[in-house]
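Below you'll find the structure, written out as structure tokens, and then a few comments.
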Amino acid sequence: MTENILVSVAWPYANADIHVGNITGAYLPADVFARYHRLKGNRVLMVSGTDAHGTPITVRADAEGLSAEEVYKRYHRRFLDLFVKYGLTYDLFTTTHTENHFKVSQDIFLALKENGFLYTQTEKQWYAPGKGRFLPDRYVEGECYLCHYPNARGDQCDNCGSLLDSTQLINPRAKGGGDLELRETEHFYLDLGKLAPALADYLNAGKDHWRPNVINRSRQDVTELRGRAITRDLDWGIPVPVDGWRETGKCLYVWFEAVIGYFSASIEWSRNNGQPDAWKDWWYNPNAKTYYFIGKDNIPFHAVIWPAQLIGARRLYESDASKTLNLPYDVPANEFLNLEGQKISGSRNWAVWGLDAAERYDADALRYYLIANMPEARDADWSWSEFVARNNNELVATWGNLANRMLSFAHKNFEGEVPDPGNLRPEDRELLAAVEAGFDSVGELLGAVKLRAALGEALRVASEVNRYLDVRAPWSEIKTDRVAAAKTVFTALNAIDSLKTLFAPFLPFSSERLHQYLGHGGSLFGAQKIVAYDESSGSHEALTYDRSGAVGKWQPSKLKPRQVLHPPAPLFKKLEEAVAEEEVARLHGAG
RNA sequence: GGCGACGUAGCUCAGCGGUAGAGCAGGGGACUCAUAAGCCCUUGGCCACAAGUUCAAAUCUUGUCGUCGCCA
């Protein structure tokens, strides 16, 4: 039965480049999962985009003398390039700065308002009369009222680390000068307390497949929910769709509108593809499964607050009153990746940047290490020496070498063709059965989002083929019994052809090449394309996935005798030990 | 301070009520198709600590300590 699978992926924030921790935390597991389901023949929709709004972006824009729009576009473009290099196959990677997203976010807001889940409240905030606008907390500095550090930021003290209430700062001053005064301002709040009972019902039923850290934390959070402000005094964002509000420079708070991106991007994808209602197959079909791939810092927003927004909005663009928007089926959040034992820090440049690493290493080598070492249950550590060791000992030695040794052997001894085996021996059938079982065992682990275990299982299957070859020893058979050697080589090539598929979700580039080496036509997956989409107020670039022409199937090989093989080449590169030292030195030199 | 996850072989982790497991690293061996890769054998652990429940506990309960994170 074909399933509808929505793969929702965390939205990178447009004020910093992406590092390996971000990739392994959310983007890569989502891609592996999406590719697996596509091979299974399921209908996959993988969406995300750049989170373009909010104060940190205006801060950076001010610092660089650019507009907020220029800043977001620069990072957005770099995200697109990185995703192409790592083969992350978003059906649509868009941005929150589109007319479509504005409209959908405002409509969700209005639905929540209409359904009685919003209320307003007045609070005091810093206002700059000279500039005629309210200042975000981090634009106000002063003495910390807790530790008396003289240069604390309004939102947080850099000295004692405490989160601050900016109105309590001692001797407050505006960053960059100018007058400052406290003024009353009114904001909308999401009434999470009112939504708590429905949320508790949702989180207490049928969540056995959720990771313990995700479900336990979320159940705890629901017990202490309070209203939360969803608007801000800010000009870079989505205007509040209420008369008298949009005129006074009030916007939807980024945390509120960014998560709506999963929904708006699904709608945009449908429109871009000329099937404006297609998104409903993922959002209203109760049998569709929706997954949210995020880092652990985002758990409350995806397992509690986003479901609250969906429950409160109930339905949108749907007249059938019996239907409600689908809530997350699973939120397989990953923990964090450290680097050489220390926390990754972009500002201290203690990071392995995605685009930089892709300059020097193949995407599949990076993908392999990031999946084998994925922080699924606890924080993990990126170590360059481990990267080199696992690349050489596991990826190259067990899998790359298996493919290369057998293709080379077939090329030299069977005129570059798949030999005709005649009748297979029991031991040949046994091996093929063991490989075939891998489609169930690897597939089951992938379906349960246990990606490192799934990759380990695929590698174990590859080891079985290595063992089979050692027992059969076709290099000996060929000297005395060419027919026996033909059976062995046929069987091994068949197994390798199947392994190509088992590894494909993890290592798509090398599997694609192996597919060609084995003499098949077509490609396993579709193609990534960067496309510009026009709206009446402007255009935005997006990453898309064209699935037409993809021939990959999650099925054992049906390799034909006499199929012509292409001249083989090693799938992966062995790395020098010195690479690890060079990279660590680079890390320290740069920091 | 409250809460959560985690703490198992040198390293990375699986097991989560019934005689301690895998991969890598270390040691030994036979082979040579292959990126000196692969294969076979092997060294190695009071399962953080302490009490309790049970015929039986890495596995359940409680407490302590440690790591990471969230909240205040």
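Order of the sequence lines sets the chain letters (A, B, ...), proteins ahead of strands, with each chain counted from 1.
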With a cut-off of less than 4.0 Å, is there a side-chain N or O of Lys574(A) near OP1 or OP2 of rA37(B)?
yes
From CG of Leu225(A) across to C1' of rC70(B) the rounded distance in Å is 14 Å
Looking across every strand, which nucleic acid part, if any, lies under 4.0 Å from Pro474(A) by heavy atom: base, sugar-phosphate, or nothing?
nothing
Does the gap between the ring centers of Trp382(A) and Phe336(A) come in under 6.0 Å?
no
Leu571(A) near the nucleic acid: base, sugar-phosphate alone, or nothing, with a heavy-atom cut-off under 4.0 Å?
base
Aromatic ring of Phe409(A) stacked on base six-ring of rC33(B), 5.5 Å, 30°
no
Considering every strand and a 4.0 Å limit on heavy-atom distances, what is the contact class for Ala397(A): base, sugar-phosphate, or nothing?
sugar-phosphate
Has Asn213(A) got a side-chain N or O lying under 4.0 Å from the OP1 or OP2 atom of rC6(B)?
no
Within the structure provided, determine whether Val9(A) and Phe33(A) are in side-chain contact (heavy-atom separation under 4.5 Å).
no
Stepwise side-chain contact (heavy atoms from CB on, under 4.5 Å) test for Tyr369(A) and Glu386(A):
CA-CA 9 Å; Tyr369(A) 180 55; Glu386(A) 202 198 344; 3.0 Å; yes
Taking syn as any angle within 90 degrees of 0 and anti as the rest, which one fits rC24(B)?
anti
For RNA chain B, the dot-bracket pattern of Watson-Crick and G-U pairs whose distances stay under 3.5 Å, | for other-strand partners:
((((((((.[[[[.)..(..]]]].((((.........)))).....[[[[[..)....]]]]]))))))).
Sort out for me which residue in Phe572(A), Tyr86(A), Phe387(A) forms a ring pair (Phe, Tyr, Trp, His ring centres under 6.0 Å) with Tyr361(A).
Phe387(A)
Nearest-Å distance, CG (Leu402(A)) to P (rU35(B))?
13 Å
Taking 4.0 angstrom as the limit, do Asp191(A) and Arg228(A) come out as a salt bridge?
no
Can you check whether Arg226(A) has a side-chain N or O nearer than 4.0 Å to OP1 or OP2 of rA72(B)?
yes
Look at Glu464(A) together with Arg467(A) and state whether they make a salt bridge at an N to O cut-off of under 4.0 Å.
no
For the side chain of Asp470(A), starting at C-beta, report the closest nucleotide among rC24(B), rC39(B), rG4(B).
rC39(B)
Short N-O contact, Lys573(A) and Asp362(A), less than 4.0 angstrom:
yes
Check this for me: Glu444(A), atom CD, are more than 12 non-hydrogen atoms of other residues, nucleotides or ligands nearer than 6.0 Å?
no
Taking the basic N atoms (NZ, or NE/NH1/NH2) and the acidic carboxylate oxygens, is any pair closer than 4.0 Å for Arg378(A) and Glu335(A)?
no
Indicate whether OP1 or OP2 belonging to rA5(B) is found under 4.0 Å from a side-chain N or O atom of Arg217(A).
no
Output one line per pair: protein atom, nucleotide atom from nucleotides 12-15 of chain B, and distance, for all N/O pairs under 3.5 Å.
unit_1, atom_1, unit_2, atom_2, d
rU12(B), O2', Arg452(A), NH2, 3.3
rA14(B), OP2, Arg378(A), NH1, 3.2
rA14(B), OP2, Arg378(A), NH2, 2.9

